[in-house]
Amino acid sequence: MTEIKDKLAVKRRTKEEKEKLLYEIQKLGVIAGCRRYSIDPSTYYVWLERYQAHGINGLENRRSQNHDAMIRKLEKENKILKELMVEKDLEIRMQAELLKKKMEQWKNAKK
């Protein structure tokens, strides 16, 4: 049972481990190397492309970076929305006061 869980579990590798695997797979050949290290060939090619474009830093786990960027984006959006709500609230209060004054003027004009 644990063997099945181990096979289904996704292994997180460091950028150094990924770099080493890229070299090992190139030595063995893509098909044989990917089988040996249980890596999907498409994953290998993604890693290789990122490594060629950005060096070892391209192999960093980007999920946490994307998560942090998404949090920053949402916080910025949230701040803008809060400011818009404050502006709308102020606008509504000003309209209510203006309407109240107009109503008083109309009542005074009728008398």
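Just so we're clear, the structure is a prediction, and the values are computed from it rather than from any experiment.
- For the atom pair OG1 (T43) and CD1 (I25), the distance works out to 9.5 Å, reported to the nearest 0.5 Å.
- L99 contributes atom CG, which lies 13.0 Å from atom CD1 of I92 (distance to the nearest 0.5 angstrom).
- Atom-to-atom distance recorded for E77:CD and M70:CE is 9.5 Å, nearest 0.5 angstrom.
- In this structure, S38 has no side-chain hydrogen bond (donor to acceptor under 3.5 Å, both in side chains) partners at least two apart in sequence or on a different chain.
- Sequence neighbours left out, the pairs with a member in residues 22-32 that pass salt bridge (charged side-chain N to carboxylate O under 4.0 Å, His left out) are E24-K27.
- Qualifying side-chain contact (heavy atoms from CB on, under 4.5 Å) partners for E91, counting only residues two or more places apart in sequence or in other chains: K88, Q95.
- Minimum heavy-atom separation, C34 to P41: SG-CA, 3.8 Å.
- For the atom pair CG (L21) and CD (Q26), the distance works out to 11.5 Å, reported to the nearest 0.5 Å.
- Take D89 and apply the side-chain contact (heavy atoms from CB on, under 4.5 Å) test, not counting sequence neighbours, and it matches R93.
- Taking K15 as the reference, N57 meet the side-chain hydrogen bond (donor to acceptor under 3.5 Å, both in side chains) condition, with sequence neighbours excluded.
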Would you list the atom pairs, donor with acceptor, under 3.5 Å between side chains in residues 44-51 and any protein atom, with sequence neighbours excluded?
from, atom 1, to, atom 2, distance (Å)
R50, NE, G58, O, 2.7
R50, NH2, G58, O, 2.9
R50, NH2, E60, O, 3.1
Y51, OH, E19, OE2, 2.6
Y51, OH, Y23, OH, 3.0

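- Within the model, atoms NZ of K18 and CD1 of I39 stand 9.5 Å from one another, a figure rounded to the nearest 0.5 Å.
- Residues meeting the side-chain contact (heavy atoms from CB on, under 4.5 Å) test with L84, sequence neighbours left out: I80, L81, E87.
- Interatomic distance, L98 CG to M103 CE, rounded to the nearest 0.5 Å: 12.0 Å.
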